[in-house]
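First up is the structure itself, then whatever we jot down about it.
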There are 2 protein chains.
Amino acid sequence: MSDNNPARTRIQRRNRKAILEAALEVFSAQGFRGATLDQIAAEAGLSKPNLLYYFASKEAIHAELLDGLLDTWLAPLRELNPDGTPQDEILGYVRRKLEMSRAMPRESRLFANEMLQGAPRLTEVLPKLKALVDEKAEIIRDWTRAGKLAPVDPHHLIFAIWALTQHYADFEVQVTAVLGPGHDPYDEAGAFLDMLFTRLLRI
Amino acid sequence: MSDNNPARTRIQRRNRKAILEAALEVFSAQGFRGATLDQIAAEAGLSKPNLLYYFASKEAIHAELLDGLLDTWLAPLRELNPDGTPQDEILGYVRRKLEMSRAMPRESRLFANEMLQGAPRLTEVLPKLKALVDEKAEIIRDWTRAGKLAPVDPHHLIFAIWALTQHYADFEVQVTAVLGPGHDPYDEAGAFLDMLFTRLLRI
DNA sequence: CTGCAACCTGACCATATGGTCAGAAATGGA
DNA sequence: TCCATTTCTGACCATATGGTCAGGTTGCAG
């Protein structure tokens, strides 16, 4: 009872991790309501009552997953450095964000599911999102004012980066189906987006 | 029994329409598994057994919604005219697609939900999608070869248009939360995307 | 080795949900 | 008006699902 947060025993650490991993798999593929505890339990290799020994409820598992997600998700944007070269900074952001979609497609889909449903479990963190975006938008606006960047609406530039990178994770089936076999969507997207943003931002 | 397809009586037409409208509302906001027949019935102002008088099952309602959706959704792309001016054609497509997101956000979200879950109920129509995209990609490639358009990967150009336009419907909560009050997201997006694609496609 | 705390389970419960059905109510053509 | 057809409903059912619990099993400190 002295240490509250971190899982104490080895077993607890292992099982909580397995549960969260399984839950990410299932929630991201089925949405919150579509996912069942039985699926998560099976995926984690545990019994349903045992799941509920580690987490108070289905909600609690989902909440824990969402908990750090926004921070993880916004990390690439946080790195945008006002003292760097505008084009490099923004291209770097695009690359980091695309890499994140490639490395964490399930997290992307978990997030997308949440947003599609109207973000019922994220509403209280959206203001935090807005604050960060506003801050970074101001940096971009300054770059434009200083003549270092083509004039663009900073908010919609950020939306564009989100949309273009997350699309490859969230609509993976569609992308794969349209490209057909023998393609690496993310490699191609990387080249395409480099080109796109280079052209867009050139003064 | 002679005429098979169209709803025969006035009542049938009215109620089927009400059910599909209600189902679109609920399915697009909750996903297939998240939606319940009770919700749809309530939204449509009918009793649950009455829903099932008009449709064989929950699946059947969903299937009927999905049925025409892909065609509707791809209509703007179909209009891409190989004999037009490349820039105008592509910008026109972007505008039509954005307008579609504005006018039919629920359809967009229904579609997004389906894709997120791996398109279990759309797999058989994905080849049709691929065929259309391949056809239009070839047109774009020809334009590029003819020197009328900057060189771009046509498939990823189309993905970009999808991602950028659908984002405003699918992530509406996020867009609204970030922009704050006093903005018309679609108007701003229209201007931004015009600018973006103009710069991207200029030779 | 022992005993207590941590871990786990089968059996069970309440509710939600998709779907059925016998028959009542409305509709509309003759 | 009459009655066959269409439309609609309350009551009901089977199953799925989130969650509980009494008690069994395992891990580990002393």
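Chain letters run A, B, ... following the sequence lines, proteins first, then strands; residues in each count from 1.
Within the 3.5 Å criterion, the main-chain N or O of A:Asp170 finds no donor-acceptor partner in the side chain of A:Ser108.
The side chain of B:Thr9 has D:dT7 as its nearest neighbour among D:dT7, C:dG18, D:dT17. Minimum atom distance to the side chain of B:Tyr53 is reached by D:dT6, of the listed D:dC28, D:dT6, D:dT9. Between C:dG28, C:dT17, D:dA11, one nucleotide has an atom nearer to the side chain of A:Arg33 than all others, and that is C:dT17. Closest approach to the A:Ser47 side chain among C:dA6, D:dT9, C:dT9 is made by C:dT9 (side chain taken as heavy atoms from C-beta onward). The side chain of B:Arg10 sits closest to C:dG28 out of C:dG10, C:dG28, C:dC8. Candidate nucleotides C:dT9, D:dT7, C:dG18 were compared by shortest atom distance to the side chain of B:Tyr54, and D:dT7 ranks first.
Mapping A:Ala56 and A:Gln39 onto DNA chain D via the closest heavy atom, the residue that lands nearer the 5' end is A:Gln39.
Between the P atom of C:dA6 and the CD atom of A:Gln12 lies a distance of 9 Å, rounded to the nearest Å. The separation between A:Leu46 atom CG and C:dT9 atom P is 7 Å, rounded to whole Å. Protein atom CG of A:Leu37 is 8 Å distant from nucleotide atom C1' of D:dG19, rounded to whole Å. The separation between A:Leu51 atom CG and D:dT20 atom P is 13 Å, rounded to whole Å. Rounded to an integer number of Å, the gap from CD1 of B:Ile19 to P of D:dT7 is 11 Å. The CG-P distance, from B:Asn15 to D:dT9, rounds to 9 Å in whole Å. As a whole-Å value, the separation of B:Ile11 CD1 from D:dC8 P is 6 Å. Taking atom NZ of A:Lys48 as the reference point, atom C1' of D:dC21 lies 14 Å away to the nearest angstrom.
Counting distance only, with no hydrogens placed and no angle test, the side-chain atoms of B:Lys58 and the base atoms of C:dG19 include no donor-acceptor pair under 3.5 Å.
For A:Asp187 and A:Arg102, the salt-bridge test passes: some basic side-chain N is under 4.0 Å from an acidic carboxylate O. Ionic pairing of B:Glu89 and B:Lys136 is not present here: no N-O contact between side-chain nitrogen and carboxylate oxygen is shorter than 4.0 angstrom. A salt bridge does not link B:Arg141 to B:Asp153: none of the charged nitrogens lies less than 4.0 Å from a carboxylate oxygen.
When heavy atoms are screened at a 4.0 angstrom cut-off, B:Leu52 is found touching base atoms of the nucleic acid. The residue A:Arg14 sits apart from the nucleic acid: no heavy atom pair falls under 4.0 Å. Contacts of B:Ala60 with the nucleic acid, taken as non-hydrogen atoms under 4.0 Å apart, are absent. Among the protein residues, A:Phe55 comes within range of no part of the nucleic acid, since none of its heavy atoms lies under 4.0 Å from any strand. Using a 4.0 Å heavy-atom distance criterion, A:Ala35 is classed as a sugar-phosphate-only contact.
Side chains of A:Gln87 and A:Lys148: no donor on one and acceptor on the other come within 3.5 Å.
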Practice problem: Could you walk me through whether B:Glu138 and B:Arg145 pass the salt bridge (Lys or Arg N to Asp or Glu O under 4.0 Å) test, one step at a time? | Solution: CA-CA 10 Å; B:Glu138 202 44 54; B:Arg145 274 198 281 259; 2.9 Å; yes
